[in-house]
**Student:** 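To start, I am sharing the structure in question, which I have written as structure tokens.
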Amino acid sequence: MNAQSDQALLSWISSRQSWMLEQTQQLAQINSGTFNAQGVSQVAQALVEIARPLNAQVEKIALPAFRTVNLNGEREERELGPALSLIKRPDSPRQILLCGHLDTVFADNDPFQQTRWLDDERLNGPGVTDMKGGLLILLTALMALEQHPEAEQLGWRVIMNPDEEIGSPCSADLLREAAETAKLGLVFEPLLPDGAYAGERKGSGNFTLIVRGRTAHAGREIENGRNALRALCDLIIELDNLNGRRQGVSINPARFHTDVPLNRVPDLAVAQFNIRTQSHDDEHWLHQQLSRLALGLNGREGYSLEIEGSFSRHPKRLTPANQALFKLLCHCASTLEIPTQIKPTGGCCDGNNLAAAGLPNIDTLGAEGGSIHSADEFLIVSSLSRRAQLTASFLLAVARGELDSVLWPHLNGG
Ligand SMILES: [Zn+2]
């Protein structure tokens, strides 16, 4: 079946390798730290240009501002760049969703802004792997598919969000709505450092503890003070002691802050922590623990505790549908002589969001590389065309109905 067109698709992608690399380098040199709304917007526009040959319906979607509580216990709003949406053949019977993110963890004042070669095969640069290279893989695979006679069998939507690196708080609704109109999700996060795909993923939440006490002069009337810092430290110790108490759950108290002169008892102290979970029940368990801590402190004269935050990502399990996706992906990979292995990870991504919306997905279809989220981030440049070939082969198999029995049982051949 169309063996000639299949070979042509793979060859065309090989011929795009240096273009993919060039575009990745250019995108990496536009700073798009999550809170650099202008830079994110510039990256979105560059991608609109890159995606032009796809002839898709393009939309930049403004998102609500990011609301947070800062380390002074004050509520803050921060503007974000837009999300980018591309839609093609929304009426086709098979609808899939491809996701990537425009943002990186590197703010506009971070010293890490340029790309440089480590050797012939590895390019160091901000976001080259996570995930500007991945975005090129996504778009190149679609461009290859669109040249194939069987592309007509598949309708697709691409969402590129601006806030993945902070847990997608403002694009969560958009992701959920898009997930609900598709049956299959593909996310272009990098492979794990050893080249494995992520299988199960933990869930994650960020929380802020705001302790209020009572100020007093440190010399004249310390006994009248209620030291918020001391109370906060007790809470942090209790929280940290929860580590090891529940299988698969870890708590990381990471920041704390007070701001008073040394001769005053601090009446405000704020801490922030992250928690990782393995099951939905773990979330209830944490809320119970937090209620217990709040009850304890609020019961003490002169003190109060306020807790802000939520679980932005729920754990992702490997469902039978997810396993069917991996089976097909492994088959495509073996044809291309790409080794595959699948491993659980404590990290989370938009694959968690899609899974929570009921969408089976593979979320590590992006670039090969390593040391992401650090100034040592590197891309294995040959992986750009290799991974685009894999995704294109997978898309073609989906267009041919190879997942129909699992995802589209009402279609012929299912
Ligand atoms: Zn990423």
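In listed order, ligands and their atoms are each counted from 1. We number each residue from 1, following the sequence as shown. Note that the structure is a prediction, hence the values are computed from the model and not measured.
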**Student:** Which atom name would you report as the N, O or S atom of H101 nearest the Zn ion (ligand 1)?
**Tutor:** NE2
**Student:** N/O/S of E165 less than 2.8 Å from the Zn ion (ligand 1)?
**Tutor:** no
**Student:** Which of parallel (below 30°), tilted (30 to 60°) and perpendicular (above 60°) describes F311 and H287?
**Tutor:** perpendicular
**Student:** Looking only at atom types and distance, does a side-chain atom of R94 sit under 3.5 Å from a main-chain N or O of D404, one as donor and one as acceptor?
**Tutor:** no
**Student:** Quick one: CZ on R276 to OG on S204, what's the gap to the nearest 0.5 Å?
**Tutor:** 4.0 Å
**Student:** Do you know which N/O/S atom name in D130 is closest to the Zn ion (ligand 1)?
**Tutor:** OD1
**Student:** Quick one: are W285 and T277 in side-chain contact, heavy atoms under 4.5 Å?
**Tutor:** no
**Student:** Is any N, O or S atom of E189 under 2.8 Å away from the Zn ion (ligand 1)?
**Tutor:** yes
